[in-house]
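As structure tokens, the structure follows; a few thoughts come after it.
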Amino acid sequence: MALHMSSLFLRTLREDPADAEVPSHRLLVRAGYVRRVSPGVYTWLPLGLRVLRNVEKIVREEMDAIGAQELLFPALLPKEPFEATGRWTEYGDNIFRLQDRKGADHLLGPTHEEMFTLTVKDLYSSYKDLPLSIYQIQTKYRDEARPRAGVLRGREFVMKDSYSFDVDAAGLDKSYQLHREAYVRIFDRLGFHYVIVEAMAGAMGGSKSEEFLATAEVGEDTYVHCTSCGYAANVEAVRVPAPSPVGWEDVPAAHAEDTPDTPTIDTLVTHLNERFPRDDRPWEAGDTLKNVVVTLVNPDGTREPLAIGVPGDREVDEKRLGAQVEPAEVEAFTEADFAANPALVKGYIGPGALGLEGSSGIRYLLDPRIAEGTRWVTGADVAGQHVIDLVAGRDFSADGTIEAAEVRPGDPCPTCDHTLSAARGIEMGHVFQLGTKYAEALDLKVLDQNGKLVTVVMGSYGVGVSRAVACVVEGNHDESGIIWPRELAPADVHVVAAGKDEALFVKAEEIARELEVQGLSVLVDDRKGVSPGVKFKDSELIGIPTILVIGRGLADGKVEIKDRRSGERREVAVDDAVAALTAEVTAEVERS
RNA sequence: CGGGGUGUGGCGCAGCUUGGUAGCGCAUUGCGUUUGGGACGCAAGGGCCGCAGGUUCAAAUCCUGUCACCCCGACCA
């Protein structure tokens, strides 16, 4: 049965809601797809629910096509499995927690690794049962510190998550590849531009991980890409190519110099150029070695300082650092921390004080650019003094390297000789080789061919289903409203009765019925007493890709087919309308 | 958690500086006119001005406190 505007539970808004900033949020509310209930929590109204279901349908079809099987876990979970993996504490404030009448702790699932793992453990115990891929489309809950942009980042959201289970790494590779290909098909069908970028595999267990990012200005993720070789990575995962070691034969011995009042890189560089000018070129920030100290807070609450050495022209990128030290959290080093570590001279920290072997005993990690043989100016661990011609490998060493320095457009590509550009994206999907992290924590093992117990190797794969709805709108709208891709639209054809003549309404109903016989879904604007202008505006706002206007032309046996995206209109004979529309819609579906 | 902002009919906003009968547009209801690009007229319903306390003859307006929401940042398998 066709949807009718006269009775549809819908109210379009002429004005933008005050709390909506990004286009998808504005339009989804204005066009009557969603309503906010509380911060980050939204109601799906009839039109919106149709779109959401369409996304789910695409996801199901492609998951089923690779042999994944759908199941459904509860959203309400007991805490015990999350205690077993440590995530009851690790997830911190992001978990919605609640207690039942007996005082037992529960949570609303933010993700379901534990449940999938335990359920496989419950039912399977042989290599013969594997490989296995199972998935669910489930409402997830995360108490985000700051939900934003409507359903783009909610506290309650719909996600497809699947997990693969294999006996070995080779099997995981195969399952991962299958999912990756399925994701390519899903995102192609969803109809927005996206990139596949290398992502952080995580501090534990994971080995390979890629994100599917919808390219969008409003995106929260920054990624870099190389226009030459196709390399693309989330900034968190960018690998800095380490320069080859260089000889230090010509470098004079390191010498400490007085550099009073130079606690910052800027003041230091100015001072160097005034007092220690070089013949070949002036000193620059990039000649200095900046040592930053932070405090790591482990999930169990223990604290440990960490020093990071980066070239002076770069900041430590907190996101990159955070990803490297996960699950520990990073806090700034406070005055109290300095007081507790007298070996550190604020503003003049140098490698002499750092490192497990250094006077402070603080673990010291270097940016890969600080390769063996490179020479630096850096703090002398004495107030008002810096060391010049300090050579890495000759005069100091560290406890390892860390990828924590900021990444900038123009940096060299790690895989070819070109440079990187930066752009923003929205994380829409994530494929992730988990490895044995959860299987080990929850003791998921099967017997192999030799009767030996082996730990199952897992992969995890997510698609943001409700987020996809917003994301599609971000990529498919204009001034007037939404422009749905065919497969997602709440209906195939929007039939508009534009006028007051009763014959228009009769014909609209007749055509709607015939379209439905042809298998198309239809929204009919059968509102009486509503002027054509209002109906046109609403049809553009709502964004069904094909609009059939039955109006003044009907007297001459003509109706008008309008393409929402291009704005093109063409007149067809009223008797040909159904055939023309059917041909248009089916042709478009096959093309996609 | 830090910074900025906003709370006034369903929605968008004005009024607050300078205290004195709560207003506008949209939406809604009725009647009439109108019907190809967000129509017009007349009439109507709907608001403890976020909440609490204070000052005052009198508070949407001034003071104190508090709560909520939005934006930027921090945070975010």
Side-chain angles (χ1 to χ4, degrees), chain A residues 11-22 25-26 29-30 32 35-41 82 85-87 90-95 109-114 116 140 142-150 153-155 157 159 161 163 199-206 209 211 218 220-221 236 297 318-319 321-323 326-327 329-332 427 429-434 437-438 458-462 464 480-481 496-502 504-505 527-541 547 549-555 558-560 562 567 569 571:
Chain A
R11 178 108 304 143
T12 58
L13 305 177
R14 190 186 293 232
E15 284 164 299
D16 284 334
D19 59 355
E21 293 279 315
V22 305
H25 186 192
R26 258 181 19 233
V29 173
R30 266 193 66 199
R35 295 295 296 175
R36 194 190 80 105
V37 171
S38 69
V41 180
F82 284 78
T85 56
R87 297 209 296 181
E90 230 175 76
Y91 235 103
D93 290 337
N94 271 353
I95 291 186
T111 170
H112 281 75
E113 278 84 355
E114 285 82 355
F116 276 91
K140 308 278 187 178
R142 294 184 194 172
D143 191 359
E144 298 280 357
R146 191 157 93 78
R148 69 187 90 178
R153 180 184 194 77
R155 296 197 295 172
F157 57 97
M159 180 174 178
D161 56 332
Y163 296 84
M200 282 300 296
M204 293 194 283
S209 171
E211 287 171 347
V218 300
E220 300 181 294
D221 287 274
E236 292 168 17
V297 182
E318 289 179 36
K319 281 197 175 183
L321 175 59
E326 193 182 58
E329 300 204 350
V330 177
E331 282 185 10
E427 183 181 350
H430 196 169
V431 290
F432 191 172
Q433 295 198 353
L434 277 180
K437 177 180 174 181
Y438 291 93
M458 293 170 56
S460 114
Y461 317 91
S480 312
V496 176
K500 63 172 177 178
D501 189 345
E502 185 59 25
L504 302 174
F505 291 85
R527 291 175 293 179
K528 299 273 173 66
V530 174
S531 73
V534 172
K535 292 184 177 180
F536 293 148
K537 290 287 185 194
D538 274 345
S539 71
E540 281 154 11
L541 183 59
I547 300 160
V549 181
I550 301 173
R552 61 189 175 196
L554 186 64
K558 302 278 193 189
V559 293
E560 188 176 284
K562 190 160 77 172
R569 313 173 187 189
E571 287 216 313

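Just so we're on the same page: letters track the sequence lines, and every chain starts at 1. Values in this document were obtained by computation on a predicted structure and should not be read as measured data.
B:rU8 and B:rC70 are spaced 14 Å apart, taking the P atom of each and rounding to whole Å. B:rG7 and B:rA14 have their P atoms separated by 7 Å, with the value rounded to a whole Å. The same atom, P, is picked in B:rU6 and in B:rG46; the two are 31 Å apart, to the nearest Å. The same atom, P, is picked in B:rG50 and in B:rA68; the two are 16 Å apart, to the nearest Å. When the C1' atom is used for both B:rA43 and B:rA59, the distance is 33 Å, rounded to whole Å. When the C1' atom is used for both B:rU18 and B:rC13, the distance is 22 Å, rounded to whole Å. Annotation: B:rG38 and B:rG12 have their C1' atoms spaced 15 Å apart (nearest Å). Remark: the separation of the P atoms in B:rC26 and B:rC69 is 31 Å, to the nearest Å.
Across all strands, A:D16 comes closer than 4.0 Å only to sugar-phosphate atoms, never to a base (heavy-atom distances). No engagement by A:E220 is indicated, since no non-hydrogen atom pair under 4.0 Å with the nucleic acid exists.
Between A:G40 and A:P147, the shortest heavy-atom contact is CA-CB, 3.7 Å. Between A:L13 and A:L541, the shortest heavy-atom distance links the atoms O-CD2, 4.2 Å. Nearest heavy-atom pair across A:L504 and A:G499 is CD1-CA, 3.4 Å. Contact between A:R142 and A:F157 at its shortest, heavy atoms only, is NE-CZ, 3.8 Å. Between A:A199 and A:H430 the shortest heavy-atom distance is CB-NE2, 4.0 Å.
Nearest to the side-chain atoms of A:R14 among the listed nucleotides B:rA27, B:rG36, B:rC11 stands B:rA27. The side chain of A:L541 sits closest to B:rG38 out of B:rG38, B:rC72, B:rG37. Relative to the side chain of A:T12, the nucleotides B:rC70, B:rC72, B:rG38 differ in distance, and B:rG38 lies closest. Listed nucleotides B:rU35, B:rC70, B:rG37 differ in distance to A:S531; the shortest reach to its side chain belongs to B:rU35. With B:rU35, B:rC69, B:rA27 as the candidates, the nucleotide lying closest to the side chain of A:R11 is B:rA27. For A:E15, the listed nucleotide lying nearest its side chain is B:rG25; candidates were B:rA27, B:rU35, B:rG25. With distances taken from any side-chain atom of A:K500 to the nucleotides B:rG36, B:rU35, B:rA39, the minimum falls on B:rU35. Taking every side-chain heavy atom of A:R36 into account, B:rC70 is the closest of B:rG37, B:rU35, B:rC70. Each of B:rG36, B:rG38, B:rC72 was ranked by its minimum atom distance to the side chain of A:F536; first place goes to B:rG36.
Following rounding to the nearest Å, A:E21 (CD) and B:rG12 (C1') show an atom-to-atom distance of 15 Å. Across the protein-nucleic acid pair, A:L554 atom CG and B:rU35 atom P stand 17 Å apart, rounded to whole Å. Distance, A:D19 CG to B:rG5 P: 19 Å, rounded to whole Å. In this structure, A:I95 atom CD1 and B:rC75 atom C1' are separated by 15 Å, rounded to whole Å. The CG-P distance, from A:L13 to B:rC13, rounds to 12 Å in whole Å. Per the geometry, NE2 belonging to A:H25 stands 14 Å off P belonging to B:rC11, to the nearest Å. Taking atom CD of residue A:E560 and atom C1' of nucleotide B:rG36, one finds them 9 Å apart after rounding to whole Å. A straight line from NZ of A:K537 to C1' of B:rG36 spans 12 Å, rounded to a whole angstrom.
With hydrogens and angles ignored, a donor-acceptor pair under 3.5 angstrom links the side chain of A:R569 to the base of B:rG37. Taking 3.5 Å as the limit, the base of B:rG37 and the side chain of A:K562 contain a donor-acceptor pair of atoms between them.
Summarising the base pairing, B:rC1 is matched to B:rG73 through a Watson-Crick or G-U wobble pair whose two defining distances lie under 3.5 Å. Checking B:rA68 for Watson-Crick or G-U wobble geometry (two distances, each under 3.5 Å) identifies B:rU6 as its partner. Shown here, B:rC48 forms no base pair; nothing in the strands shown gives a Watson-Crick or G-U wobble contact with both key distances under 3.5 Å. The pairing partner recorded for B:rU56 is none, the criterion being a Watson-Crick or G-U wobble arrangement whose two distances lie under 3.5 angstrom. B:rC42 is paired with B:rG30 under the Watson-Crick or G-U wobble criterion, all donor-acceptor distances under 3.5 Å.
Nearer to the 5' terminus of RNA chain B, by closest-nucleotide assignment, is the contact made by A:A498 (compared with the other of A:A145 and A:A498). Both A:R30 and A:R148 lie near RNA chain B, and the one whose nearest nucleotide falls closer to the 5' end is A:R30.
A cation-pi arrangement is absent between A:K500 and A:F505, since the terminal nitrogen or guanidinium carbon is not both under 6.0 Å from the aromatic centre and inside a 45° cone about the axis.
Between A:E220 and A:R148 a salt bridge is recorded (basic side-chain N to carboxylate O distance below 4.0 Å).
A:T111 and A:E113 form a side-chain donor-acceptor contact under 3.5 Å, judged by distance and modelled atom types alone.
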